[in-house]
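One structure is given below, encoded as structure tokens.
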Amino acid sequence: MVWNDEKIDRLKKLWADGLTTGEIGKEIGVSKNAVVGKAHRLGLKGRPSPIKRTQKEAKPEPKIRSVVDLSAHTCRWPIGDPREPGFHFCGKPTTPGKPYCAEHASIAYVSSNRSSKDEDAA
DNA sequence: CCCTGATTCGC
DNA sequence: GCGAATCAGG
């Protein structure tokens with residue numbers, strides 16, 4: 001398909017005339033896709049059918065947060081194995097002054113928390 | 001289901 | 001740059 005000035009002029013004329021892509025396609029002798037494609041390339045805007053194509057799948061944001069990225073109030077409790085992919089940190093709000101959130105702080109600080117009974121036995 | 005236009009994709 | 005294919009809405 002060669003878009004000479006005639007074709008382009010006719011396309012613009014018919015397009016501006018209010019004809020649909022199918023009509024223009026039949027008129028000029030091209031498929032409606034060609035019409036709409038050329039119209040789009042020419043910068044012509046369609047007045048009818050304001051269909052907006054939904055955003056395509058595109059989310060290139062594989063931002064991996066390291067421990068240093070976590071703010072002072074972000075729980076640094078490790079989730080998973082650091083050597084395993086998908087390892088991350090808790091990230092929940094921490095108790096002020098503590099590196100972990102309340103939930104993980106309770107786990108973190110129970111280490112060697114021997115009760116009096118243990119000492120009693122020893 | 002068939003129409004519309006819009007965007008994406010391969011040539 | 002071209003249009004078919006695909007997508008999305010009426």
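Treat the numbers as computed from the prediction; the structure is a model and nothing was measured. In what follows, chains carry the letters A, B, and so on, assigned in the order in which the sequence lines appear, proteins first and then strands, with residues in each chain numbered from 1.
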Discussion item. Rounded to whole Å, please give me the gap between NE2 in His40(A) and C1' in dA6(B).
Written reply: 6 Å
Discussion item. Counting only side-chain nitrogens and oxygens, does Lys38(A) get under 4.0 Å of the OP1 or OP2 atom of dC2(C)?
Written reply: yes
Worksheet, complete the sentence: Taken in chain and number order and not counting sequence neighbours, the residues that satisfy ring pair (Phe, Tyr, Trp, His ring centres under 6.0 Å) with Trp3(A) are none
Fill in: Below 4.0 Å: OP1/OP2 of dT4(B) and any side-chain N or O of Thr20(A)
yes
Worksheet item: OG1/Thr20(A) to CG/Leu14(A) distance, rounded to the nearest 0.5 angstrom?
Response: 10.0 Å
Practice prompt. Starting at atom CH2 of Trp3(A), determine the distance to atom C1' of dC2(C), rounded to an integer number of angstrom.
Written response: 10 Å
Discussion item. At a heavy-atom distance below 4.0 Å, what parts of residues 8-17 of chain A sit against DNA chain C?
Written reply: none
Write out a two-atom table: protein N or O, nucleotide N or O from nucleotides 9-11 of chain B, distance below 3.5 Å.
unit_1: dC9(B); atom_1: OP1; unit_2: Lys56(A); atom_2: NZ; d: 2.8

Worksheet entry | Aromatic plane relationship, Trp77(A) with His104(A) - under 30° parallel, 30 to 60° tilted, over 60° perpendicular | parallel
Fill in: Base-contact (B) and sugar-phosphate-only (S) positions in nucleotides 5-10 of chain C, heavy-atom cut-off under 4.0 Å, - elsewhere
BBBBB-
Quiz: residues 23-42 of chain A side-chain donor-acceptor pairs under 3.5 angstrom, not counting sequence neighbours:
none

Discussion item. Whole angstroms only, please: what is the CG-C1' distance between Leu19(A) and dT4(B)?
Written reply: 13 Å
Worksheet, complete the sentence: Residues Cys101(A) and Cys75(A): closest non-hydrogen pair is N-SG, 3.2 Å
